[in-house]
Each structure stands twice: as structure tokens, then as C-alpha cells.
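These notes concern the structure reproduced below.
FYI, the numbering just counts along the sequence from 1. Keep in mind that what you see is a predicted model, and the values were worked out from it rather than measured.
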Amino acid sequence: MLLIPRLEGQLFTYEQWSENTPFTPFELWDGMLFTNQNMIDGDRLLIGLLYISGLEHFLDLLPEESIELLGEQLEQKPRK
């Protein structure tokens, strides 16, 4: 099930939780939180966290420099 993070956080169903959280514990491998085989789990977890916390809260947490970099990337990136 595709999760669409919104400005405000949203509640997970049990099915969404099961699909978007890794079954294995986190591991640090060559400076990465997940091994290459498990990177998809990391991506799903990141989207899941944005889904439940909301994009507005995420922006509140980011330092100003990161917000500026994100804004530049959004301006340059073509829409799908």
C-alpha cells in the first residue's frame, strides 16, 4: 500500500505498520543504517515516519540550511 505523507501526520493501520517497518533490527554497515540488501526497508521506514509525523513537523525539525537545500532541490527537480 502506497503511503502519501501529508502536511499533518496520519495514523497507521496495522497493515501499513507491518508493510513499512523492517523485521530485522537496525544495523550500521559502512556508515549506512541498513545494508544494501535492506535499503528498501530503510526507504519504506523513512516514508512511514514522514507519514505518521507529517511533512510540517519534519520541516520544523530541519535546520534552516537543510530547508534551503531542500527548497533548491524542489525548484530544480522536474515533476513526475
Side-chain angles (χ1 to χ4, degrees):
M1 176 179 293
L2 180 64
L3 297 179
I4 309 287
R6 308 255 185 239
L7 288 178
E8 296 294 324
Q10 303 168 79
L11 299 177
F12 259 161
T13 64
Y14 183 76
E15 179 184 359
Q16 289 169 320
W17 174 258
S18 296
E19 289 178 358
N20 294 285
T21 54
F23 296 107
T24 58
F26 297 109
E27 293 183 27
L28 188 63
W29 188 267
D30 289 334
M32 296 291 293
L33 186 57
F34 297 90
T35 64
N36 286 340
Q37 294 99 357
N38 292 333
M39 200 57 211
I40 229 153
D41 285 342
D43 292 348
R44 288 189 329 209
L45 180 60
L46 178 59
I47 291 294
L49 292 172
L50 288 171
Y51 183 86
I52 62 174
S53 65
L55 296 173
E56 191 168 354
H57 181 66
F58 172 64
L59 290 173
D60 289 342
L61 296 174
L62 283 179
E64 190 62 36
E65 182 180 349
S66 297
I67 292 173
E68 290 171 12
L69 291 169
L70 181 59
E72 291 170 10
Q73 285 298 306
L74 289 172
E75 288 177 5
Q76 295 174 9
K77 189 167 183 123
R79 296 193 184 255
K80 293 181 180 181

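- Leu45 and Leu3 end up in the same hydrophobic cluster when Ile, Leu, Val, Met, Phe, Trp and Tyr side chains are linked at under 4.5 Å.
- Taking every heavy atom of both residues into account, Leu55 and Pro5 meet most closely at CD1-O, 3.8 Å.
- Taking the side-chain contact (heavy atoms from CB on, under 4.5 Å) definition, one finds that Leu69 meets it with Glu65, Glu72, sequence neighbours left out.
- Under the 4.5 Å side-chain heavy-atom criterion for grouping Ile, Leu, Val, Met, Phe, Trp and Tyr, Ile52 is not connected to Leu7 through any hydrophobic cluster.
- Side-chain heavy atoms closer than 4.5 Å link hydrophobic residues (I, L, V, M, F, W, Y) into clusters, and following such links, even through other members, never connects Phe58 to Ile47.
- To the nearest 0.5 angstrom, Asp60 atom CG is 7.5 Å from Ile67 atom CD1.
- Nearest heavy-atom pair, Leu59 versus Leu70, reported as atom, atom and distance to 0.1 Å: CD2-CD2, 4.0 Å.
- Remark: Glu68 engages Glu64 in a side-chain contact (heavy atoms from CB on, under 4.5 Å) (not counting sequence neighbours).
- Side-chain heavy-atom separations under 4.5 angstrom define the hydrophobic clusters, and the remaining members of the one that includes Ile4 are Leu2.
- Sparse packing is recorded around CG of Leu11, with 12 or fewer heavy atoms of other residues, nucleotides or ligands lying under 6.0 Å away.
- A parallel orientation is assigned to the rings of Tyr51 and Phe12, their planes being inclined by less than 30° (bins at 30° and 60°).
- Minimum interatomic distance between Glu56 and Glu8 (heavy atoms only, all atoms of both residues): OE1-OE2, 3.1 Å.
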